[in-house]
Structure formats: C-alpha cells, structure tokens
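Here is the structure we will look at, set down as structure tokens.
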Amino acid sequence: MTSAYHGDERRLGERIMQALELALDENDLETAELLAKALETTLTRIGGPDSTDRRPPPDGFDAAFDRLEAMRHRQLGLS
C-alpha cells in the first residue's frame, strides 16, 4: 500500500503533528486528545524504552501540547 500523502514531511510523527494542529484549530478536544496520544506513542516506540531518539520532535510540538492543555482547561472547566 502506498501513501497518497505528497507533502515534504516523511515521518509519521510530523503527519500526526499536522493533524493535531488542525484538531486544535477546529477546537476538537476529543480528536486532539487521541492525536496527542498517537504522537506520543509514535515518538517513543522506536528503539525501545531505553533508546534515545536523536531526531528532534516535530516543529511546534511544545506549542501544540500547550494549546491542548489550555483547551482542556477551557472545555473541562479545570483551574
């Protein structure tokens, strides 16, 4: 099976990151939560638990998780 994706990003984490940013833009907390979990899983699975991935996380990683946390607080009424 070949990918229909034709962007510059080749890593799965980068593609998930784009989807996460879109879910955040659309204020879709449920989807953003699932994508954040998928992104964390993708970035930590290669090499095993003691492995260090030398590649940096996708651009915007920290900002997206900050946005997700802010959305949780707004939508769930957390303080």
Side-chain angles (χ1 to χ4, degrees):
M1 178 177 187
T2 61
S3 173
Y5 186 79
H6 298 291
D8 292 334
E9 294 79 15
R10 294 182 180 196
R11 291 173 50 195
L12 178 58
E14 291 166 345
R15 294 180 186 187
I16 295 171
M17 184 72 222
Q18 289 178 336
L20 173 58
E21 289 174 335
L22 181 58
L24 292 167
D25 289 346
E26 293 180 356
N27 206 33
D28 184 347
L29 180 60
E30 182 179 0
T31 302
E33 294 276 14
L34 292 169
L35 289 165
K37 177 64 177 163
L39 183 58
E40 289 173 338
T41 300
T42 299
L43 295 177
T44 59
R45 73 163 183 218
I46 297 174
D50 296 327
S51 175
T52 301
D53 189 353
R54 288 175 174 65
R55 297 177 297 186
D59 290 338
F61 179 86
D62 291 331
F65 277 82
D66 289 344
R67 288 178 64 196
L68 177 57
E69 188 65 24
M71 184 186 296
R72 286 178 184 137
H73 284 273
R74 280 192 316 274
Q75 290 191 12
L76 301 176
L78 301 174
S79 50

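The figures that follow rest on heavy atoms only: side chains count, while hydrogens, waters and symmetry mates do not.
- Minimum interatomic distance between Ile16 and Leu35 (heavy atoms only, all atoms of both residues): CG2-O, 3.5 Å.
- With sequence neighbours excluded, no residue forms a side chain to side chain donor-acceptor pair (under 3.5 Å) with Asp59.
- For Asp28, the side chain to side chain donor-acceptor pair (under 3.5 Å) test picks out Thr31, with sequence neighbours left out.
- Taking both residues in full, the closest heavy atoms of Asn27 and Met71 are given as OD1-CE, 3.5 Å, listed atom of the first, atom of the second, then distance.
- Glu69 is linked by a side chain to side chain donor-acceptor pair (under 3.5 Å) to Arg72, His73, counting only residues two or more places apart in sequence or in another chain.
- Atom CE of residue Met17 and atom CG of residue Leu43 lie 9.5 Å apart, to the nearest 0.5 angstrom.
- Looking at every heavy atom in both residues, Leu24 comes nearest to Ala64 through CD1-O, 3.5 Å.
- Within the model, atoms NZ of Lys37 and CD of Glu40 stand 6.5 Å from one another, a figure rounded to the nearest 0.5 Å.
- Shown here for Leu20 and Ala32, the closest heavy-atom pair between the two residues is CD1-O, 3.4 Å.
- To the nearest 0.5 Å, atom CZ of residue Phe61 and atom CD of residue Glu14 are 12.5 Å apart.
- Asp25 pairs by the salt bridge (Lys or Arg N to Asp or Glu O under 4.0 Å) definition with Arg67, not counting sequence neighbours.
- Here CG of Leu39 is found 8.5 Å from CG of Leu12. Values are rounded to the nearest 0.5 Å.
- Not counting sequence neighbours, Arg74 has no partner by the salt bridge (Lys or Arg N to Asp or Glu O under 4.0 Å) test.
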